[in-house]
Amino acid sequence: MPGFLSFRETPGYLRVMTYVDHPVDVLIVDGQGTAHPRGFGIACHIGVLLNWPTIGVGKSRLFGRHETPAPNAGQWVPLWHPRTGVVIGAVLTTRPRTRPVYVSPGHRVSLDRAVAIVLDCCDGYRLPEPQRQADQWVRQVRSRVPGAGPLVPDEGNRGG
DNA sequence: GCGACAG
DNA sequence: ATCTTGTCGC
């Protein structure tokens, strides 16, 4: 259900975090933060539950209106709430001539700092390195596990 | 009623 | 999210 992604994927994130045994400054979450119909996407959800700084980086748009950002790395335009006009995130070009990513505060991080951090984490690719490697790793593992797919509570993990 | 819809 | 052929630009 659009807008309720966090209820499906947050359990997985929390479980993975129990295995992390090194310092974490801030978490980059694959999805929206405040750029959400109710102002509370999965990045906010996880940040509050862990009481830890989080940034939401969506690979596509869920909510909000915006102009097209210049196709140069580092350029961004505000993502506005369609009715109130409040800025809820940033549409950021992280790699030249590549579609932008949707950055928004998750928890305890301002939008400006979120954009700066995401840019600092980008190393020539569209996604910030932590997210890029996680995406790549998961994709590869899934391709080697029969029947693996996204986590769906109702149907169990099915080996995924 | 129609279009939109994170992963 | 996943899959697949073809194409574009660096």
Side-chain angles (χ1 to χ4, degrees), chain A residues 1-17 26-50 54-84 86-107 109 111 114-115 117-118 121-128 130-160:
Chain A
M1 294 176 72
F4 290 89
L5 173 71
S6 62
F7 289 91
R8 188 179 72 192
E9 304 198 342
T10 288
Y13 268 90
L14 299 183
R15 179 147 183 270
V16 166
M17 290 310 290
V26 57
L27 292 173
I28 287 181
V29 178
D30 197 4
Q32 316 296 334
T34 57
H36 178 276
R38 297 170 192 73
F40 206 79
I42 187 170
C44 303
H45 204 132
I46 290 173
V48 169
L49 291 179
L50 295 176
T54 58
I55 294 173
V57 179
K59 298 189 291 292
S60 65
R61 190 196 71 89
L62 166 65
F63 188 68
R65 297 173 51 75
H66 68 86
E67 301 287 284
T68 301
N72 309 83
Q75 292 301 304
W76 63 275
V77 294
L79 177 62
W80 315 81
H81 182 108
R83 293 185 293 283
T84 69
V86 169
V87 176
I88 57 178
V91 185
L92 172 69
T93 298
T94 55
R95 183 192 193 302
R97 294 173 303 289
T98 300
R99 62 194 172 112
V101 294
Y102 294 76
V103 180
S104 60
H107 192 52
V109 180
L111 175 58
V115 169
I117 291 171
V118 168
C121 290
C122 288
D123 190 30
Y125 294 92
R126 181 168 88 114
L127 298 178
Q131 184 175 10
R132 192 180 76 83
Q133 286 190 28
D135 240 53
Q136 217 176 239
W137 188 86
V138 167
R139 223 179 285 268
Q140 184 196 302
V141 170
R142 276 183 182 164
S143 68
R144 292 179 95 299
V145 180
L151 265 56
V152 180
D154 277 356
E155 299 172 26
N157 289 347
R158 292 184 299 178

**Message:** For a quick check of understanding: with a heavy-atom distance under 4.0 Å over all strands, which category does A:Gly41 fall into, base, sugar-phosphate or nothing?
**Reply:** base
**Request:** Check every strand shown and say whether A:Phe4 touches a base, only sugar-phosphate, or nothing at a heavy-atom separation below 4.0 Å.
**Result:** base
**Complete:** In whole angstroms, the gap separating P of B:dA6 from CZ of A:Arg99 amounts to 12 Å
**Message:** At 4.0 Å (heavy atoms only), tell me whether A:Gly3 reaches a base, stays on the sugar-phosphate, or touches nothing.
**Reply:** base
**Asked** Parallel, tilted or perpendicular for A:Phe63 and A:His81, by the 30°/60° rule?
**Response** perpendicular
**Asked** Within the pair A:Arg139 and C:dT2, is there a side-chain N or O less than 4.0 Å away from OP1 or OP2?
**Response** yes
**Item:** Phosphate-side-chain proximity, A:Arg8 and B:dG7, N/O vs OP1/OP2 below 4.0 Å
**Value:** no
**Message:** So A:Leu79 and A:Arg65, do their side chains get closer than 4.5 Å, heavy atoms only?
**Reply:** no
**Request:** Would you mind reading off the distance between A:Gln136 atom CD and C:dT2 atom P, rounded to a whole angstrom?
**Result:** 13 Å
**Request:** Classify the nucleic acid contact of A:Arg95 as base, sugar-phosphate or nothing, counting any heavy atom under 4.0 Å across all strands shown.
**Result:** nothing
**Message:** Please report the distance, rounded to the nearest Å, between CZ in A:Arg142 and P in C:dC3.
**Reply:** 10 Å
**Request:** May I have the distance from A:Gln32 (atom CD) to B:dA4 (atom P), rounded to whole angstrom?
**Result:** 18 Å
**Request:** Could you give me the CA-CA distance, side-chain angles and deciding distance for A:Leu50 and A:Ile46, then say whether side chain to side chain contact (heavy atoms under 4.5 Å, CB included) is met?
**Result:** CA-CA 6 Å; A:Leu50 295 176; A:Ile46 290 173; 3.7 Å; yes
**Message:** Whether A:Arg61 engages the ring of A:Tyr102 as a cation-pi pair (distance to the six-membered ring centre under 6.0 angstrom, angle to the ring normal within 45°) should be assessed.
**Reply:** no
**Prompt:** Pick the nucleotide of DNA chain C nearest each of A:Lys59 and A:Arg97; which residue has the one closer to the 5' end?
**Reply:** A:Lys59
**Message:** If I take atom CG in residue A:Asn72 and atom P in nucleotide C:dC10, what distance separates them, rounded to the nearest angstrom?
**Reply:** 13 Å
**Request:** Check whether the side chains of A:Arg144 and A:Gln140 place a donor and an acceptor atom closer than 3.5 Å, and report yes or no.
**Result:** no
**Request:** Ignoring the backbone of A:Leu62, work out which of B:dG7, B:dA6, C:dA1 is nearest its side chain.
**Result:** B:dA6
**Request:** Starting from C1' on B:dC5, measure out to CZ on A:Arg38 and report it in whole angstrom.
**Result:** 12 Å
**Prompt:** Counting just side-chain N and O atoms, does A:Ser6 come under 4.0 Å of either OP1 or OP2 of B:dA6?
**Reply:** no
**Asked** Can you tell me how far C1' of B:dG7 sits from NE2 of A:His36, to the nearest Å?
**Response** 12 Å
**Request:** Using whole Å, report how far CD1 of A:Ile42 lies from C1' of C:dA1.
**Result:** 14 Å
**Item:** N/O (side chain, A:Arg61) to phosphate O (OP1/OP2, B:dA6) under 4.0 Å
**Value:** no
